[in-house]
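Accompanying notes for the structure given below.
These values consider heavy atoms only, across backbone and side chains, with no hydrogens, waters or symmetry-generated copies. Below, chain A is the first sequence line, B the second, and so on; all start at residue 1.
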Amino acid sequence: MPELPEVETVRRGLQAVLEGARIARVEARRPDLRFPFPEKFSERLTGKTITALGRRAKYLTMYLAGGPVLICHLGMSGSFRIEMSDDSEMPDNSEMLGAFYHERSKNAVHDHVVFHVVSPKGVRSRVTFNDPRRFGFMLFSEGAPDTHPMLAGLGVEPTGNALDGGLLASLLKGRKSPLKAALLDQRLIAGLGNIYVSEALWRASLSPLRESGTIAKPGKKARQQSDALAEAIRAVIADAIAAGGSSLRDYVQTDGSLGYFQHSFAVYDREGEPCSKHGCGGHIERVVQSGRSTFYCRTCQM
DNA sequence: ATTGGCGCCTGAAAGC
DNA sequence: TGCTTTCAGGCGCCAA
C-alpha cells in the first residue's frame with residue numbers, strides 16, 4: 001500500500017525521466033478515477049514542460065512551466081510504469097511473444113493515463129498510470145499546491161526535523177482517541193498509513209490502543225514516550241525510504257514499474273509470530289481498530 | 001470539535 | 001473443483 005515512503009520512491013523514479021521533459025501527448029482512457037478528470041485535462045498538459053516533481057504527504061505534485069500543478073494520488077493500488085520507446089522488454093524469442101502480449105494486454109486494462117514525453121535530449125518515453133481499484137486521482141492546482149483544498153489541511157511531514165517529541169505532544173495533548181487513530185489522522189501527521197503506524201508504535205513500545213493524550217501529560221515519563229514515538233516515526237519512514245531507493249534502482253531496469261515494494265515489517269501482517277524485540281518473548285496480535293487491522297505485541301507495547 | 005463508521009473499487013484469498 | 005464471500009485500505013463524507 002503506498003504510504004509516504006512508497007510515494008517518495010515513486011517521485012524519485014519519475015523525476016529521473018520527467019524533470020525537464022516536454023509533454024507531447026496525454027491519453028486519459030476513461031472519464032474518471034476516484035474523481036472525474038479535470039476539465040481539459042489532456043489539453044492543459046500537452047506541450048508543457050515539467051519543471052519539477054514534488055511530494056506532500058502521499059500526494060505527488062508535477063510542476064508545469066507556465067501552467068497548473070498536477071496533483072496525483074496513488075490511492076490504494078496506483079502505480080506508474082516507465083517505458084522507453086525502443087521497448088527493450090519485448091522478448092526476441094518468438095515462442096515467448098504470445099505470452100508477453102497476453103500479459104501486457106491483461107495488465108493494460110487498468111492503464112488509465114498515458115503521458116507521452118520527450119526529454120531535453122529528444123528521448124521519447126511513455127509514463128503510464130495504472131490503478132486497478134481506481135482510488136487514485138489527478139487534479140490541477142492553479143496556485144501553490146499547499147493551498148489546494150485537498151492539501152491545505154495536512155499536518156507535519158514525518159521527514160526531516162520538524163516532528164520532535166515536543167511537537168508530537170502538543171498534537172496529542174487532550175486527545176481521547178487511541179494512538180493508532182491519531183497517527184493515521186493526516187491533519188496531525190501527514191503521510192503515515194496503516195502499515196507504518198503499526199511499525200512506529202512497535203518501535204516506540206507503545207500500545208496502539210492507548211489513549212493519545214496520555215503520552216502528552218506533564219512529567220518526565222510522558223515526555224520520554226512522546227520523544228520515543230516521534231523518533232520511531234521518523235526512523236521508520238526514513239528506513240522505508242532508504243529501502244525503496246535501493247529497490248528502485250533494480251526495479252526500474254527490469255520492467256519500468258514504479259509501484260510500491262514489499263519491505264520486511266516487524267509486526268505488520270505477522271499475526272501469531274514471535275515479537276522480534278530483544279528479550280520480549282511475546283507474540284504479535286491482530287486487533288481491529290476503526291475497521292482496520294492493527295498489529296502489535298501486548299507484552300512490550302504499553 | 002472530535003471521533004467512528006461507511007462506501008468507493010478490484011483482485012486475491014478464504015470459505016463452502 | 002468452482003462458485004461465493006470476505007478482506008485489503010486511503011480518504012471524503014456523514015452522523016453522533
Side-chain angles (χ1 to χ4, degrees), chain A residues 1-11 29-38 55-61 71-80 102-103 105-113 129-139 141 145 148-155 157-158 170-201 208-214 216 237 240 257 259-263 265 267-272 284-296:
Chain A
M1 283 34 79
E3 301 181 26
L4 188 156
E6 290 74 23
V7 177
E8 176 59 21
T9 300
V10 170
R11 188 196 68 79
R29 296 180 172 174
R30 50 175 299 124
D32 54 38
L33 294 170
R34 179 171 183 184
F35 308 122
F37 285 105
R55 179 192 57 73
R56 173 75 169 104
K58 302 172 195 173
Y59 297 83
L60 286 166
T61 51
I71 297 173
C72 301
H73 198 289
L74 299 175
M76 281 288 302
S77 58
S79 63
F80 281 96
H102 179 74
E103 196 64 21
S105 63
K106 196 175 62 178
N107 294 336
V109 171
H110 301 299
D111 286 350
H112 304 309
V113 185
F129 180 70
N130 180 287
D131 185 6
R133 290 179 213 182
R134 303 205 301 277
F135 283 10
F137 53 83
M138 296 189 187
L139 301 169
S141 175
H148 189 280
M150 202 75 84
L151 279 68
L154 292 171
E157 287 274 323
S170 72
L171 292 171
L172 299 181
K173 190 177 175 214
R175 280 187 187 270
K176 300 289 179 197
S177 62
L179 279 173
K180 166 75 185 290
L183 297 192
L184 274 178
D185 189 338
Q186 303 298 300
R187 295 167 300 184
L188 303 178
I189 301 168
L192 300 179
N194 207 43
I195 294 174
Y196 293 113
V197 167
S198 280
E199 295 297 310
L201 287 166
L209 306 174
R210 180 159 162 174
E211 186 178 317
S212 302
T214 62
I237 293 297
S257 291
Y260 32 89
F261 312 95
Q262 194 60 49
H263 307 304
F265 303 118
V267 288
Y268 183 79
D269 208 18
R270 290 190 181 274
E271 184 179 13
I284 307 306
E285 291 177 48
R286 186 181 83 98
V287 294
V288 175
Q289 292 178 282
S290 350
R292 302 276 183 265
S293 291
T294 301
F295 297 89
Y296 82 113

Worksheet item: Donor-acceptor pair, A/E199 side chain versus A/Y268 backbone, under 3.5 Å?
Response: yes
Worksheet item: Quantified as the angle between the terminal helix axes (five pairs each), what is the overall bend of the helix from B/dT2-C/dA16 to B/dC16-C/dG2 to 10 degrees?
Response: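 Between the first-five-pair axis and the last-five-pair axis there is 60°.
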Worksheet entry | Residues that A/F135 engages under side chain to side chain contact (heavy atoms under 4.5 Å, CB included), provided they are two or more places apart | A/M76, A/R133
Practice prompt. Tell me, please, which residues at least two apart from A/Q186 pass side chain to side chain contact (heavy atoms under 4.5 Å, CB included).
Written response: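 Per chain and number, A/Q186 pairs via side chain to side chain contact (heavy atoms under 4.5 Å, CB included) with A/K58, A/L154, A/A190.
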Worksheet item: Can you name the nearest heavy-atom pair linking A/H112 to A/L33, along with the distance?
Response: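 Scanning both residues, the minimum pair turns out to be CD2-CD2, 3.5 Å.
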Practice prompt. State, to 0.1 Å, how close A/I189 and A/P158 come at their nearest heavy-atom pair, and which atoms those are.
Written response: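 Heavy-atom minimum between the residues: CG2-CB, 4.0 Å.
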Worksheet item: Heavy atoms under 4.0 Å, any strand shown: does A/R292 hit a base, just sugar-phosphate, or nothing?
Response: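 The residue A/R292 makes base contact.
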Worksheet item: What is the nucleic acid contact for A/P149, judged by heavy atoms within less than 4.0 Å: base, sugar-phosphate only, or nothing?
Response: nothing
Quick one: [X] [atom1] to [N] [atom2], roughly how many Å, whole number?
X	N	atom1	atom2	value
A/Y268	C/dG9	OH	C1'	8 Å
A/F295	C/dG9	CZ	P	7 Å
A/M76	C/dA8	CE	P	10 Å
A/L60	C/dC11	CG	C1'	16 Å
A/I195	C/dG9	CD1	P	7 Å
A/D185	C/dG10	CG	P	13 Å
A/L74	C/dG10	CG	C1'	11 Å

Practice prompt. Assign the ring pair A/F137 / A/H73 to parallel, tilted or perpendicular, where the plane angle (0 to 90°) is split at 30° and 60°.
Written response: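 Rings of A/F137 and A/H73: parallel, under 30°.
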Worksheet item: Where does the angle between the aromatic ring planes of A/F265 and A/Y196 fall among parallel (under 30°), tilted (30 to 60°) and perpendicular (over 60°)?
Response: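 Perpendicular.
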Identify every side-chain donor-acceptor pair in residues 172-183 of chain A under 3.5 Å, counting partners at least two apart or on other chains, and give the distances.
residue	atom	partner	partner atom	Å
A/R175	NE	A/L171	O	3.0
A/K180	NZ	A/N194	OD1	2.8
A/K180	NZ	A/S293	O	3.2
A/K180	NZ	A/T294	OG1	2.7

Looking at residues at least two apart in the chain, or sitting in another chain, which of them share a side-chain hydrogen bond (donor to acceptor under 3.5 Å, both in side chains) with [X]?
X	result
A/D269	none
A/R55	A/E8, A/E157
A/R210	A/T214, A/Q225

Distances for protein N/O vs nucleotides 12-16 of chain C N/O pairs under 3.5 angstrom?
residue	atom	partner	partner atom	Å
C/dG12	OP1	A/Y59	OH	3.4
C/dG12	O4'	A/R34	NH2	3.2

Item to complete: For A/Y296, enumerate each residue passing the ring-ring contact (aromatic ring centres under 6.0 Å, His included) test, keeping only those at least two apart in sequence or located in another chain.
Response: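 Once residues adjacent in sequence are excluded, A/Y296 has no partner under the ring-ring contact (aromatic ring centres under 6.0 Å, His included) criterion.
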Item to complete: Ignoring hydrogens and angles, answer whether the base of C/dA8 and the side-chain atoms of A/R133 contain a donor-acceptor pair closer than 3.5 Å.
Response: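 Check passes, donor-acceptor contact within cut-off.
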Under 3.5 Å, which protein N or O atoms sit close to an N or O of nucleotides 4-7 of chain C? Give each pair with its distance.
none

Discussion item. Under the criterion side-chain contact (heavy atoms from CB on, under 4.5 Å), I'd like the reasoning laid out for A/M150 against A/I71: C-alpha separation, chi angles, the key distance, then a yes or no.
Written reply: CA-CA 9 Å; A/M150 202 75 84; A/I71 297 173; 5.6 Å; no
Worksheet entry | Opening and closing nucleotides of DNA chain B in contact with chain A, under 4.0 Å to non-hydrogen atoms |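 Span of nucleotides near chain A: B/dT3 to B/dG11.
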Worksheet item: Which residues pass the salt bridge (Lys or Arg N to Asp or Glu O under 4.0 Å) test with A/R270, sequence neighbours left out?
Response: A/E273
